[in-house]
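Everything below concerns the one structure shown next.
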Number of protein chains: 2
Amino acid sequence: MRKITDRQKQVLEYICDFIDEHSYAPSIRDIQKHFGLKSTKGVKDHIDRLVEKGYLSRTEGTARALKVIRDGDKATRKVPLIGTVAAGLPLLAEENIEDYLPVSADMARTEGMFFLRVNGDSMINAAILDGDLVLVRPQPFVEQGEIAVVRIGDEATVKRFFRFNTRVELHSENPDYTPIVYSDEDEDIRIVGKVTAVFRTL
Amino acid sequence: MRKITDRQKQVLEYICDFIDEHSYAPSIRDIQKHFGLKSTKGVKDHIDRLVEKGYLSRTEGTARALKVIRDGDKATRKVPLIGTVAAGLPLLAEENIEDYLPVSADMARTEGMFFLRVNGDSMINAAILDGDLVLVRPQPFVEQGEIAVVRIGDEATVKRFFRFNTRVELHSENPDYTPIVYSDEDEDIRIVGKVTAVFRTL
DNA sequence: CTCCTACCTATACATATGTTTACTTATGAA
DNA sequence: TTCATAAGTAAACATATGTATAGGTAGGAG
């Protein structure tokens, strides 16, 4: 990223703070007043340079149309919490959205991701506890041994997924539970997605 | 929340979408054009009513100063990741901020919260693994047995905190580690804050 | 029916805001 | 020195945008 002068940095910071506080960008004259300048031109120059150098974007001729371009913008994505696993939940039914949680776009890069609340202690050795939220990326496959959300009939569970010759095994991370074994061709079992993150509130 | 008409709902949705796309709010005339209206007055009326009914807030006389008031706004807070625990880290030093992660404002209600990356397996039985991020609320006390970030001299650790008569005990959640015992009055030990959430990316 | 509200047109008007031209001052590089 | 750039003053200018006044139509509540 190209260098900016100290003054330009001050202006950029003021714009950031202003947007943070008001939810809309400052006008050129707002900035002018803040810095005690006697002309709008100076401000305009600063903005033009910040745009040239890639720190700001704007729509010309439009009021308060400044946007700060953040370094690898930590955008947020609202991810729906759609239910609890290990209960007979109507997966992916929009009616069942309990809440939306904002998640770093880093974590939820794909469209269609969702949260499930985990019920029970079957994954306790994978450090997923009862009540934890898992972030799921929908996909029809996972790598050997990855933690997946699997639908068996009308129920869904979180398990480690293994595929061998002609069978599929779902392993709990708890010695009290024995692996669930299915035939390779059983239509009743389907991978819903891969667990990509775990969230817990204490 | 007071009811709004279908038309008002349409306008509100358009405003939401516009802000989503442009990062700045539409002008009255933007909205007018979108709905194919021939006067600005109608739009103004809608906005006034949406403000009255609590769905919008605005700064009068200011261009593009609309703000959508979201239902129990799932706002986001940028929480800094300031280092790794169990290393001799200069805690809370702003220079050490590695990154900012957006977190649901529900989780980070307090000012000054921060993330620490947990190093090691000393809390494995509390389902906090090596590499997990813990969200910390700075406070000088915790309840008996809660998980806290504690500073011992120049180092910090995550441990369950217990205070007995004249001593303080820090318990790991791993049988391989023995509790650390300190005198009640030892100046060298201090509670930094309470661990309020755990985040893990798989 | 009468009154009220939602919704809309038409037409101005006031001002908030972006844009531009012309100059000045200071600083550092060539 | 000479040139380029950063930063700023001054004074207009153009237009984007909010606001106001005066009506008009349709439907529901009383």
Side-chain angles (χ1 to χ4, degrees), chain A residues 1-69 71, chain B residues 1-69 71:
Chain A
M1 212 126 178
R2 285 169 64 191
K3 271 186 194 166
I4 53 176
T5 66
D6 286 345
R7 195 55 162 166
Q8 284 162 14
K9 200 170 187 174
Q10 286 173 28
V11 173
L12 183 60
E13 275 187 31
Y14 175 67
I15 293 171
C16 282
D17 290 346
F18 191 104
I19 293 174
D20 228 48
E21 185 175 351
H22 300 84
S23 307
Y24 52 82
S27 68
I28 285 183
R29 281 172 182 83
D30 287 334
I31 301 172
Q32 182 199 337
K33 274 167 210 154
H34 175 79
F35 287 98
L37 301 182
K38 308 219 175 120
S39 164
T40 55
K41 183 53 170 28
V43 178
K44 223 268 182 177
D45 286 348
H46 284 132
I47 289 177
D48 286 345
R49 256 148 239 155
L50 285 167
V51 171
E52 281 168 21
K53 294 181 181 176
Y55 290 81
L56 276 181
S57 87
R58 66 180 305 227
T59 308
E60 287 183 23
T62 307
R64 297 173 185 277
L66 291 174
K67 181 179 174 186
V68 177
I69 297 177
D71 192 48
Chain B
M1 212 124 177
R2 286 168 63 190
K3 272 185 194 165
I4 53 177
T5 66
D6 287 344
R7 194 57 162 164
Q8 285 161 14
K9 201 169 186 174
Q10 286 173 26
V11 173
L12 184 60
E13 275 187 31
Y14 175 67
I15 294 171
C16 282
D17 291 346
F18 191 104
I19 294 175
D20 229 46
E21 184 176 349
H22 299 86
S23 307
Y24 52 83
S27 68
I28 285 182
R29 281 174 181 81
D30 287 334
I31 301 172
Q32 182 199 338
K33 274 167 210 155
H34 175 79
F35 287 98
L37 301 181
K38 311 229 172 108
S39 165
T40 56
K41 183 55 170 31
V43 177
K44 223 265 183 180
D45 287 347
H46 284 134
I47 289 177
D48 286 344
R49 255 145 239 158
L50 285 167
V51 171
E52 281 167 21
K53 294 181 181 176
Y55 290 80
L56 276 180
S57 87
R58 66 181 306 228
T59 308
E60 287 183 23
T62 306
R64 297 172 185 276
L66 291 174
K67 181 180 175 186
V68 177
I69 297 177
D71 190 50

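Reckoned from all heavy atoms, side chains included, excluding hydrogens, waters and symmetry mates.
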Is there a donor-acceptor pair under 3.5 Å between the side chain of D48(B) and the backbone N or O of D45(B)?
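Not at all, since once roles are kept as given, no pair shorter than 3.5 Å links the two residues.
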Residue closer to the 5' end of DNA chain C, D45(B) versus A63(B) (nearest nucleotide):
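It is D45(B), whose closest nucleotide lies nearer the 5' terminus.
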Quick one: on DNA chain C, does T62(A) or Q8(B) contact a more 5' nucleotide (nearest heavy atom)?
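Nearest-nucleotide comparison on DNA chain C picks Q8(B).
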Run through R49(B), H46(B), K53(B), Q10(B) and flag the one making a side chain to side chain contact (heavy atoms under 4.5 Å, CB included) with I4(B).
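Among R49(B), H46(B), K53(B), Q10(B), the one that satisfies the side chain to side chain contact (heavy atoms under 4.5 Å, CB included) with I4(B) is K53(B).
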Separation of [N] [atom2] from [X] [atom1] (nearest whole Å):
X: L37(B); N: dG18(D); atom1: CG; atom2: C1'; result: 16 Å
X: K44(A); N: dG8(D); atom1: NZ; atom2: C1'; result: 16 Å
X: H46(A); N: dT5(D); atom1: NE2; atom2: C1'; result: 11 Å
X: I4(A); N: dA6(D); atom1: CD1; atom2: P; result: 12 Å
X: I28(A); N: dG8(D); atom1: CD1; atom2: C1'; result: 14 Å

Considering non-hydrogen atoms only, spot the tightest contact between R7(A) and L37(A) and give its length.
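Result for this residue pair: NH2-CD2, 4.0 Å.
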Which atoms form the tightest heavy-atom contact between R64(B) and A25(B), and what is the distance?
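Of all heavy-atom pairs spanning R64(B) and A25(B), the closest is NH1-O, 2.9 Å.
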For [X] and [N], is the shortest distance between a side-chain N/O and OP1 or OP2 below 4.0 Å?
X: Q32(A); N: dT9(D); answer: no
X: T40(B); N: dT19(D); answer: no
X: R58(B); N: dT17(D); answer: no

Closest-nucleotide ordering on DNA chain D, the 5'-leading residue of K38(A) and S27(B):
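On the 5' side of the pair lies K38(A).
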So which one's nearest nucleotide on DNA chain D is more toward 5', T5(A) or D30(B)?
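This one resolves to T5(A).
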May I ask you to say what [X] touches in the nucleic acid, namely base, sugar-phosphate or nothing, with a heavy-atom cut-off under 4.0 Å?
X: K41(A); answer: base
X: S39(B); answer: base
X: R29(B); answer: base
X: G42(B); answer: base

Side chains of F18(B) and I31(B): closer than 4.5 Å at any heavy-atom pair?
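Answer no - side chains too far apart.
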Go through the side-chain N and O atoms of Y24(A) and T62(B) and say whether any donor and acceptor fall under 3.5 Å apart.
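No, no side-chain donor-acceptor pair sits under 3.5 Å.
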Reading DNA chain C from 5' to 3', where do the contacts with chain A start and stop? Cut-off is 4.0 Å to heavy atoms.
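Listed 5' to 3', the contact boundaries are dT17(C) to dT21(C).
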How far does NZ of K33(B) sit from OG of S27(B), to the nearest 0.5 angstrom?
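Going from the NZ atom of K33(B) to the OG atom of S27(B) covers 6.5 Å.
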